[in-house]
There are 2 protein chains.
Amino acid sequence: MAASKDVAHANKNTHRETGITLPAQAGQEKTTAELVETWGADAIRDSDGTELSSELLDLGLTVYSTLCLVRVDQDYARKHPDQLPQKYLMSEPVAAASETVVIDLMRRFYREKYVIDTRHDAYTYWEVIDRTTGDVMPTTAWRFDTAAGTVTLTGTTPFHVYTVNFLVFQIWDTTSMYNHLTNNWTGPHILCVDPYHKACWDHLMRVYDRYLANHPCTDVVRLTTLAYHFAVDSDQDAVDTFRDWTGYQDTVSIPALEDFTRDYGYRLRSEDFVDQGYYNAACRVPSKGYLDWMQFIHNFVVRFGKALVDKAHRRGKKTAIFWGDHWVGVEPYQPGFLDMGIDIHVGAAEDGVALRRVSDAPGNLTRELRLYPYFFPDVFSENGDPLTESIGNWVKIRRALLRQPVDRLGYGGYPSLAAKFPKFVEHVAELCAEFRSFRENSGGGISLKAPIKVAVLNCWGKWKPWINSFAAPQKFLVKRPDVIQVAGTNLLECLAGLPVEIDFLSFAEIEENGIPADTDVIVNDGDAETAWSGGQWWIVPEVVAEIRRFVHDGGGFIGCRGPSAYQHQGRYFQLADIMGVDKEVGHTIQSASVPGDMRQSHFITADLNDSPDFGTDETFVYCCNRTTQLLAVNGLHVLAAAKSYGKGRSVFFSGLPYNLDNARLLHRAIFWAANQETELTKWFCTNPKTDCAYYPKTRKWVVVNHSAQPQTTQVYKGAGQAIKISLAAYASAWRTDEQ
Amino acid sequence: MAASKDVAHANKNTHRETGITLPAQAGQEKTTAELVETWGADAIRDSDGTELSSELLDLGLTVYSTLCLVRVDQDYARKHPDQLPQKYLMSEPVAAASETVVIDLMRRFYREKYVIDTRHDAYTYWEVIDRTTGDVMPTTAWRFDTAAGTVTLTGTTPFHVYTVNFLVFQIWDTTSMYNHLTNNWTGPHILCVDPYHKACWDHLMRVYDRYLANHPCTDVVRLTTLAYHFAVDSDQDAVDTFRDWTGYQDTVSIPALEDFTRDYGYRLRSEDFVDQGYYNAACRVPSKGYLDWMQFIHNFVVRFGKALVDKAHRRGKKTAIFWGDHWVGVEPYQPGFLDMGIDIHVGAAEDGVALRRVSDAPGNLTRELRLYPYFFPDVFSENGDPLTESIGNWVKIRRALLRQPVDRLGYGGYPSLAAKFPKFVEHVAELCAEFRSFRENSGGGISLKAPIKVAVLNCWGKWKPWINSFAAPQKFLVKRPDVIQVAGTNLLECLAGLPVEIDFLSFAEIEENGIPADTDVIVNDGDAETAWSGGQWWIVPEVVAEIRRFVHDGGGFIGCRGPSAYQHQGRYFQLADIMGVDKEVGHTIQSASVPGDMRQSHFITADLNDSPDFGTDETFVYCCNRTTQLLAVNGLHVLAAAKSYGKGRSVFFSGLPYNLDNARLLHRAIFWAANQETELTKWFCTNPKTDCAYYPKTRKWVVVNHSAQPQTTQVYKGAGQAIKISLAAYASAWRTDEQ
């Protein structure tokens with residue numbers, strides 16, 4: 001083994017610069033080797049369901065080995081049911097028909113996924129709540145029948161509605177269950193364990209030590225991920241009922257709850273987790289208790305991750321972290337992330353937002369994208385179309401790549417499946433070559449940005465940067481369960497490809513420190529009353545006054561969907577005075593909207609050819625100021641508007657589903673809101689279907705065609721001179737500064 | 001005069017039964033007489049702008065004389081500016097840029113309509129409010145400059161928003177202003193006075209005594225109406241900004257405010273009237289203060305009206321009251337109304353709701369509809385189409401007339417204008433003849449109703465029965481300012497023609513006495529959080545539990561648009577458990593809707609041929625219970641649903657704009673919700689474009705065609721036997737029970 005390892009290391013030098021990681025598969029050595037050659041890979045990895053043979057390990061490539069430690073030892077998990085992950089669930093609301101009610105706790109949950117926790121004292125950790133009044137019932141008013149799995153309440157008020165917040169253990173890992181149901185996996189149900197338990201931690205460290213010892217050829221331990229799975233709940237028929245890809249719902253354990261009480265000086269209630277049945281979803285304005293819990297768990301996950309990284313480093317191996325299923329608590333934008341010492345930061349990417357999630361995270365880690373589609377039977381089958389999916393993703397990723405680069409690309413799954421789609425193989429070869437041309441021509445540098453800094457404002461700030469703010473249309477979208485599709489507004493995807501500096505800001509940061517002095521434009525995009533819009537933060541006087549001051553003094557404010565929405569003191573949009581529009585939510589039905597300043601042409605809409613798509617035509621947003629510049633309306637419904645306020649400016653969009661026209665609208669809106677219209681035509685394409693970027697480090701620039709048709713555009717260079725360029729469908733072309 | 005009066009009285013006997021009141025016009029005696037003959041009138045009246053000549057008075061008809069006492073003496077009004085009606089206005093919100101702010105009170109109001117009250121102490125009656133915090137500023141922090149009409153605030157917090165609640169006098173009557181602007185009236189601006197002032201009351205009584213003495217030929221004093229105009233506010237350019245046809249905004253005076261304090265034991269604040277700038281519009285959930293004020297003013301209006309009625313009666317004259325412009329405080333559904341002793345109850349009617357407003361009011365008054373169009377140049381001109389307007393109105397009125405009769409019809413305006421439209425004259429002759437055939441064949445009796453009592457539940461109950469609950473689409477409707485058009489839901493118009501008992505119920509009544517024992521079905525129709533839906537009443541435990549008990553025990557609940565909507569304890573629709581649907585308003589975006597029980601056929605939708613119109617396709621209402629019967633959906637958006645709950649049933653509609661299909665949906669929904677499906681086919685037409693009614697008093701029945709096309713229908717008679725009947729467009733046909 002030692003000999004082959006040395007050979008491998010020798011060969012690795014020749015492949016160092018290709019920047020592509022491929023999944024490899026024992027038994028498919030020839031196919032794997034061909035793909036390595038065709039795509040130009042310098043690293044291979046195993047995946048869920050594949051292993052690396054010694055022949056593959058001898059190819060001379062960097063070897064990534066995938067490890068999800070919390071599910072690696074099923075035997076241990078089965079023998080230690082007290083160390084399985086826990087969570088709080090809320091029983092189905094039941095109306096009392098009399099003064100006694102029996103509640104079947106598990107009635108609406110999947111019994112193969114959860115078992116009720118009978119190990120810990122229900123009367124200490126659970127709560128029974130009268131949801132008609134919001135009152136917590138005294139523990140003397142209810143009795144938990146462990147055998148029946150029921151809670152019997154006495155002294156109920158007839159026709160009030162009652163729920164029980166109760167603890168469960170998770171007896172089926174969410175990803176394993178998903179693969180069984182979606183990809184027809186069979187075999188035993190995988191269980192995870194919670195390393196917060198000291199015994200579990202110690203056991204996992206021993207397992208990990210053995211793993212490191214048994215993987216001498218592994219160059220990079222690819223941690224996928226660390227301790228806690230994101231939340232997916234399943235109803236009695238195993239149908240998904242709740243998803244929160246960024247949520248801490250599944251991080252509960254009794255030791256953690258008790259340690260939190262010790263560390264923070266107060267005890268979290270079951271209701272802090274259950275949250276009226278909303279479970280602190282990302283769309284909910286977070287409570288202090290939930291934010292404290294996130295910080296507490298994040299601190300633990302960092303400790304856990306650092307222990308793993310340190311052990312790998314001591315073995316001379318690097319570590320990669322994959323933002324995968326068990327990524328909750330990792331938080332790459334929190335300062336603790338870098339404390340772990342991880343070397344390579346890998347993220348799955350289907351669009352520009354996902355790229356920016358990886359590319360923009362702090363630290364000097366190597367950045368790698370895991371592209372879709374995963375080589376899995378769900379897509380790589382007779383009915384699948386991996387080529388179309390890949391092109392659609394890549395065009396969005398490449399658009400964002402113009403603004404912020406990554407170092408590597410990678411794939412996952414079964415290479416044997418990919419090899420059956422020759423057009424896909426050919427397309428990926430071109431994609432990899434194009435990626436390398438970007439790396440080479442840019443010299444690894446970052447493209448020139450306009451002197452405008454945009455801050456995306458919501459309740460989450462640096463807890464959830466580059467996370468899409470799902471809006472109400474998302475719930476009504478009938479979609480493939482395994483693909484992330486955004487319905488309605490998708491301002492963030494529009495933003496991901498724009499040549500401006502971008503930061504994420506929370507209301508709490510504004511309350512504490514005011515708006516950072518280098519901010520030029522604030523963007524607030526989200527459904528009314530969600531964490532993305534801000535909810536009750538919009539009636540915190542210090543916050544709203546600070547934002548008003550910022551705009552008055554020359555700042556820009558761009559609101560989308562439900563910006564500054566919270567019913568208070570005669571307004572729904574608390575910044576209605578700044579935006580010049582407000583929303584009808586039942587209080588002003590008998591008040592007329594104000595005639596605005598209808599603009600047939602405007603700086604913001606100058607590049608529009610077709611009618612733009614704002615997601616809906618019935619916005620119920622009305623003009624409330626005569627100086628409001630109406631950019632797009634449907635009768636009296638305002639779709640887009642702009643307004644001056646003091647020295648500053650605001651722009652309102654009723655929604656920005658991602659498309660190139662809307663991206664251009666946002667592009668121009670940012671420059672307008674920042675009072676920087678004259679900066680627009682520096683490194684700028686007139687045709688919204690195209691884009692360009694200039695790399696000061698190499699003095700080269702690139703122009704790309706995002707569309708499936710040939711396009712011609714004027715490219716304004718840095719000094720303002722324009723060049724006409726034509727590009728084939730999806731093409732990109734590099735020029736030097738002098739061209 | 002005495003002689004002609006006797007002749008007139010003699011002749012009147014021969015005309016007694018025709019039931020038609022016509023406007024007459026001095027100088028147009030021949031035209032008037034012809035219309036009297038053609039249309040079969042037994043009464044004439046003067047109108048705004050017309051007078052009766054002695055020749056007209058001698059026609060032998062009952063004479064109505066129109067009087068609006070509060071605007072009859074313009075000289076007095078001009079000499080007593082302290083007795084003009086007052087109201088509270090809120091100044092335009094202004095953000096403080098520093099610690100001093102100057103607010104121009106009248107900046108956004110029409111200066112020809114309002115003058116600031118400088119007679120009463122601003123520091124006693126006004127309030128300056130920080131709308132960012134909701135705090136009232138101390139009176140020491142502001143100074144009112146009477147000359148400049150400004151308020152200067154000091155010690156303001158930068159970038160908080162401030163408003164002033166201030167009092168004005170109204171120097172132009174709203175109707176006079178409307179006629180100037182819409183009908184191009186010229187001449188002096190009419191002023192009204194407020195009879196709450198003792199001196200004004202005394203003066204008006206003297207004027208009234210003289211009026212009665214000077215009108216010996218008047219049989220009926222037609223009061224149009226009493227003391228207070230409904231609210232219409234106008235911006236700086238005289239454009240309407242606020243309308244509340246049922247609102248008490250314009251009933252303020254200092255003596256009334258002070259008497260209220262004495263009678264109710266607490267003082268109303270300016271903010272009780274300004275209401276954050278929402279001015280207690282009918283769509284707002286009313287506060288206790290506002291409801292107390294309504295009762296207080298209503299009591300006064302009853303005293304005022306009774307004084308006028310008593311004086312007329314002492315002169316041997318009857319009185320009619322017209323629900324006209326100054327009708328605020330009259331409140332025909334409040335018990336005080338009958339204390340006035342009015343003889344004839346006249347209401348303008350454009351549809352079935354307006355008919356029911358008159359026909360259903362308690363008391364033994366003669367009921368008369370004033371039909372549209374009013375004979376005015378706005379419609380009776382080259383571009384006008386009075387015929388189409390009249391047919392459209394009459395079909396809706398006739399539909400409701402099948403359920404609840406009135407005694408008389410009438411018109412208003414200039415007969416000379418009507419006479420220029422011969423087809424209109426002919427149509428009205430037919431309309432009057434048809435009305436008389438209804439009176440005759442029904443014997444003045446009421447048609448048979450199903451044994452189902454519907455209670456329409458909202459915050460207003462008997463304060464606003466048969467008042468349309470305008471919803472948000474209303475605000476976005478671009479409409480003729482002088483015509484009432486309902487956009488979006490119009491469940492009440494659907495209901496107006498259904499063969500069931502109908503009552504109106506407030507949440508306060510439920511809280512006090514529970515749901516009346518004879519209620520079969522509760523209807524809750526209105527935009528979320530408005531007074532029509534109920535707003536915060538839906539989280540009053542006693543109310544919501546009582547409604548839940550009612551349905552559980554066998555009652556029906558029909559919810560439309562935003563039924564039971566108020567965010568609380570995990571639900572938006574508080575009766576989501578009963579309706580089986582809830583609405584996405586930002587908290588459950590990441591929770592999946594529940595698969596419901598999709599019904600291709602259902603009792604409720606059995607008569608539908610086309611896709612029904614629920615006002616919108618994007619409802620954001622989702623199924624939350626597996627037993628919910630989905631009647632109409634758009635993807636995952638629920639448009640209509642039904643569900644059992646205990647022994648009772650519920651139905652949800654996302655909106656019911658009035659049309660015959662939707663009326664039929666509601667018809668069937670009521671019978672289904674009441675568990676009375678078998679009662680449906682008794683006096684029932686299978687064709688939704690037709691209707692029938694049976695009159696037990698005369699044992700006759702009628703079948704009508706509401707549509708512009710010939711229709712054929714099966715008519716199910718009382719015992720269930722069906723007869724096929726064909727009708728010409730808009731036709732009605734009478735049969736005896738045996739036929």
Which of [options] touches chain B most, by non-hydrogen pairs under 4.5 Å:
{"options": "A/Thr133, A/Thr530, A/Thr241, A/Thr163", "value": "A/Thr241"}
{"options": "A/Ala96, A/Gly277, A/Gly134", "value": "A/Gly134"}
{"options": "A/Val585, A/Asp130, A/Val161", "value": "A/Val161"}
{"options": "A/Val274, A/Asp237, A/Ile547", "value": "A/Asp237"}

Inset, instruction - To the nearest 0.5 angstrom, please state how far the CZ atom of A/Arg571 sits from the CZ atom of B/Arg131. - result: 10.0 Å

Legend entry - B/Glu92 side, atom CD; A/Asn625 side, atom CG - distance, nearest 0.5 Å: 7.0 Å

Measure [X] against the heavy atoms of chain B and call it side chain, backbone, both or neither at under 4.5 Å.
{"X": "A/Arg626", "value": "side chain"}
{"X": "A/Pro473", "value": "both"}
{"X": "A/Ala281", "value": "both"}
{"X": "A/Tyr645", "value": "side chain"}

Legend entry - Selection residues 540-555 of chain A - residue pairs positive for salt bridge (Lys or Arg N to Asp or Glu O under 4.0 Å), sequence neighbours left out: A/Glu546-A/Arg549, A/Arg548-A/Asp577, A/Arg549-A/Asp553

Counting heavy-atom pairs under 4.5 Å to chain A, which of [options] comes out on top?
{"options": "B/Glu529, B/Met90, B/Gln236, B/Gln574", "value": "B/Gln236"}
{"options": "B/Phe476, B/Trp245, B/Tyr278, B/Phe470", "value": "B/Phe476"}
{"options": "B/Gly247, B/Pro93, B/Ala471", "value": "B/Ala471"}
{"options": "B/Arg108, B/His637, B/Gln567, B/Glu618", "value": "B/His637"}

Heavy-atom cut-off 4.5 Å, strictly under: side chain, backbone, both or neither for [X] against chain A?
{"X": "B/Pro158", "result": "backbone"}
{"X": "B/Ala472", "result": "both"}
{"X": "B/Val621", "result": "backbone"}
{"X": "B/Asn634", "result": "neither"}

In a table with atom names and distances, give each donor-acceptor pair under 3.5 Å that connects a side chain of residues 586-594 of chain A to protein atoms at least two apart or in another chain.
unit_1   : atom_1 : unit_2   : atom_2 : d
A/His587 : ND1    : B/Arg284 : NH1    : 2.7
A/Thr588 : OG1    : A/Glu584 : OE1    : 2.3
A/Thr588 : OG1    : A/Tyr622 : OH     : 3.3
A/Thr588 : OG1    : B/Lys475 : NZ     : 3.4
A/Gln590 : OE1    : B/Ala282 : N      : 3.3
A/Gln590 : OE1    : B/Cys283 : N      : 3.0
A/Gln590 : NE2    : B/Arg243 : O      : 3.3
A/Gln590 : NE2    : B/Asp244 : OD1    : 3.1

Inset, instruction - Taking the side chain as every heavy atom from C-beta outward, state whether A/Gln569 and B/Ile129 have any pair of such atoms under 4.5 Å apart. - result: yes

Inset, instruction - Kindly give the heavy-atom pair with the smallest separation between A/Gly570 and B/Gln276, and that separation in Å. - result: N-OE1, 2.8 Å

